[in-house]
Structure formats: C-alpha cells, structure tokens
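Residue numbers start at 1 and run along the sequence shown.
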Amino acid sequence: MNIRAMVQRTQEVFVLVYLTLFSKATGLKPYPKPSLPQVEGAAFCLSWRLAVEADNVRAWRTVPTQCLRYVETYMIGGQYDRDVDFLVGQILSYVNGIALSGDGKDAWILDVDDTCISNVFYYKSKRYGCDPYDPSGFKAWAMTGGCPAIPGMLGLFSKLVSSGFKVFMVTGRDEETLGQVTTENLHNQGFVGYERLILRSAAYKGQGAVAYKSNIRKQLAEEGYKIWGNVGDQWSDLQGDFVGNRTFKLPNPMYFVP
C-alpha cells in the first residue's frame, strides 16, 4: 500500500470513529437506513403506475392482478381527484397567460372518456382494468348515458368556454351508434357551450387513435384554428401531428389505448 492510499484509509477510519462517537453521544444515527415499504405489493403497484403514466410501459392489456386493490383505492379513494385537480391548476395557470387573438380561432381540444366524463363505475365491474377490454360491454355501458362528469375537468371546461376559447370535444366513440347518447350525456353533466363534438365517423373506422386524432387536428388547423392546448387521459390523445401548443396528460391506470 503506498503512502497516499494509507493516508486516505486513515482519514476514512478517523471519520468512521468520529461518527460512531458522535452518534453515541447524541443518540443520532449518522447513516439512517431507508425504511422499506410496509406493503411490498403496494410498492410494486406504485412503480407500475408511474411507469404507465410516463408511457414507459406500453401496449399493456390488463392491470396486474396484484394491483387490483391499489388501483381501486387510487381511483375512488381521493388521490385520483387530487391529482386531476392539481393538473387542472397547472392548466389554468397556463390559460391565464394566453392572450386571445380575437379572431374566434383560439382552440382547445378535450378528449371525452375519462377526461371529461368518467367510466370508473363501468371499470369497477371489470376489476378496475384487471379484466381484458370488452368492446360490447363498454358499448352497452356507454349507451346508458350514465357517465358522470369529472368535477375538475368540468370546471376547466367552463373556464375555457367563458374565456372565449373554442372547445372541441374529440372522441374515438363511434358516431353512428354513440353520437346522440354521448351528446346527451355531456349536456346532462354540464358540458354545454363547446364548439363541436367530433366522433369517429365511418371514414375513420379501423384507423388507430393516433392517426385518427391527428387527422382531426389537421382539419382544425386547416380551418384556421390555433390549438393552444390538448388534454387527454391516453398518450394516443396527445401524440402524432398538430398536437397543440401544450399537451396535458390526465392519470388513468385502468386501460391503455394504442
């Protein structure tokens, strides 16, 4: 061992002895060990949800079965609502700094399902996403027109409309079968005053969500609208072309739309 190494080792020993004596004298632990989560499953589910929301886990079909209670608690236990309200606060801070052009072409785009109105009651019957997606079951649910408004998003919608923005509601719901019931559901929940509700017409059947919504936004841009903001619960709402000046992703750990 050379002299330099010996000096370094001596310093390390001195520091260790000092910290040991200091901890005994004060009752403090110089190197507290981080406590492990009390529930290992909850720790996994928290990491899983974070990865999902960050789009680091893609094309997943179902929620891991061990995360059923975690997702249920998140969605109906209050944290989801707090997260949405926090995000809405960020959006409003951005909105308040926008100077409208005055030409009637300042636009916002809002997704519909689990952005403006909630399907959490339906997904309760599907174990909050632990069961595979059921197109027929979801259509039957949507046909009831019973989706409640997401309170924070209803407040944001009202603020956008009263501020003079043209709000476009863009959804992947089928226009032919769900157009009327979706219009009524939105109206009954307080979403009144939007510029246009755009549903998937026959021309877009079979097209992926990113391509479909990109085409819709392109049409709006060609009509002269400036898209100031775009809000959705799926990354496919916010990816592609003409996404807008800013995009905002709402939480949704129950399902993934490619």
Notebook entry, point to check: Can you list the steps and then say if Ile117 with Phe191 is a side chain to side chain contact (heavy atoms under 4.5 Å, CB included)?
Noted result: CA-CA 9 Å; Ile117 52 178; Phe191 291 93; 4.1 Å; yes

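- Between Arg58 and Pro258 there is no side-chain heavy-atom pair separated by less than 4.5 Å.
- When every heavy atom of Asp106 is checked against every heavy atom of Trp228, the shortest pair comes out as OD1-NE1, 2.7 Å.
- Smallest separation of non-hydrogen atoms from Asp111 and Gly232: CB-CA, 3.9 Å.
- A side-chain contact (heavy atoms from CB on, under 4.5 Å) with Ile91 is found for one member of Leu160, Asn96, Leu156 and no other, namely Leu156.
- Taking the six-membered ring wherever Trp is involved, the centroid distance between the rings of Tyr255 and Tyr133 does not fall below 6.0 Å.
- The two residues Asp85 and Gly152 make their nearest non-hydrogen contact at OD1-CA, 3.7 Å.
- Side-chain contact check for Tyr204 versus Glu175: every heavy-atom pair is 4.5 Å or farther apart.
- Without hydrogens or angle criteria, Ser47 side chain to Ala43 main chain gives a donor-acceptor distance under 3.5 Å.
- With hydrogens and angles ignored, the 3.5 Å screen pairs no side-chain donor or acceptor of Glu195 with any backbone N or O of Lys166.
- Proximity of a side-chain donor or acceptor of Arg61 to a complementary backbone N or O of Pro132 within less than 3.5 Å is not detected.
- Shown here for Trp141 and Cys147, the closest heavy-atom pair between the two residues is NE1-SG, 3.4 Å.
- Of the possible polar contacts, one joining the Asp174 side chain to the Thr177 backbone as a donor-acceptor pair under 3.5 Å is found.
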Margin query: Using side chain to side chain contact (heavy atoms under 4.5 Å, CB included), reason through Tyr123 and Val71 one step at a time and then give a plain yes or no.
Written below: CA-CA 11 Å; Tyr123 275 96; Val71 174; over 6 Å; no

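- By the 6.0 Å contact criterion, OH on Tyr94 is enclosed, its count of non-hydrogen atoms from other residues, nucleotides or ligands being greater than 12.
- Counting only distance, with no hydrogens or angles, the side chain of Ser118 and the backbone of Ile150 share no donor-acceptor pair below 3.5 Å.
- Here the CE atom belonging to Met143 is positioned 9.0 Å from the OG1 atom belonging to Thr182, to the nearest 0.5 angstrom.
- Leu250 places a side-chain heavy atom less than 4.5 Å from the side chain of Met153.
- The shortest side-chain heavy-atom distance between Val231 and Trp108 falls under the 4.5 Å cut-off.
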Margin query: Please determine whether side chain to side chain donor-acceptor pair (under 3.5 Å) holds for the pair Thr115 and Asp233, giving the CA-CA distance in whole Å, both sets of side-chain angles, and the decisive distance to 0.1 Å.
Written below: CA-CA 6 Å; Thr115 296; Asp233 68 295; 3.3 Å; yes

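- Arg196 CZ: more than 12 foreign heavy atoms inside a 6.0 Å radius.
- A donor-acceptor contact shorter than 3.5 Å links the side chain of Glu53 to the backbone of Asn252.
- Clustering ILVMFWY residues whenever any of their side-chain heavy atoms sit less than 4.5 angstrom apart, transitively, puts Ile76 in the very cluster that holds Tyr70.
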Next item on the list: Under the disulfide (SG to SG under 2.5 Å) rule, what do Cys130 and Cys67 come out as? Steps first, then yes or no, please.
Entry: CA-CA 8 Å; Cys130 290; Cys67 296; over 6 Å; no

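- More than 12 heavy atoms of other residues, nucleotides or ligands shown are found within 6.0 angstrom of CD on Gln66.
- Residue Tyr80 holds its OH atom at 15.5 Å from CD of Glu72, rounded to the nearest 0.5 Å.
- For the pair Lys213 (side chain) and Gln239 (backbone), a donor-acceptor distance under 3.5 Å is absent.
- Side-chain contact check for Thr171 versus Arg200: every heavy-atom pair is 4.5 Å or farther apart.
- Ion pair Asp113/Arg173 flagged as a salt bridge, since at least one NZ, NE, NH1 or NH2 atom sits closer than 4.0 Å to an Asp/Glu carboxylate oxygen.
- Taken to the nearest 0.5 Å, the SG atom of Cys116 stands 3.5 Å off from the CE atom of Met169.
- The nearest pair of heavy atoms linking Gly172 to Tyr212 is CA-CE2, 3.9 Å.
- Between Phe242 and Leu220, the closest side-chain pair of non-hydrogen atoms is not below 4.5 Å.
- Judged purely by atom type and a 3.5 angstrom limit, Ser125 has no side-chain atom pairing as donor or acceptor with the backbone of Phe121.
- At least one donor-acceptor pair closer than 3.5 Å links the side chain of Ser162 to the backbone N or O of Lys159.
- Put simply, the side chain of Ile109 does not reach to within 4.5 Å of the side chain of Asp237, judged on heavy atoms.
- Aromatic ring pairs are classed by plane angle as parallel below 30°, tilted from 30° to 60° and perpendicular above 60°; the pair Trp60 and Trp48 is perpendicular.
- Residues Asp114 and Met254 are in side-chain contact: their nearest non-hydrogen atoms beyond the backbone lie under 4.5 Å apart.
- Nearest heavy atom pair, residue Phe168 against residue Ala107, reads CE1-CB, 3.9 Å.
- Cluster membership for Leu154 and Leu87, using ILVMFWY side-chain heavy atoms within less than 4.5 angstrom, is shared.
- Counted by atom type alone, Gln219 and Glu223 present zero donor-acceptor pairs between their side chains at under 3.5 Å.
- Follow the hydrophobic side-chain contacts under 4.5 Å out from Leu92 and you reach Leu100 in the same cluster.
- Geometric assessment of Arg49 against the ring of Tyr74 yields a positive cation-pi assignment under the 6.0 Å and 45° thresholds.
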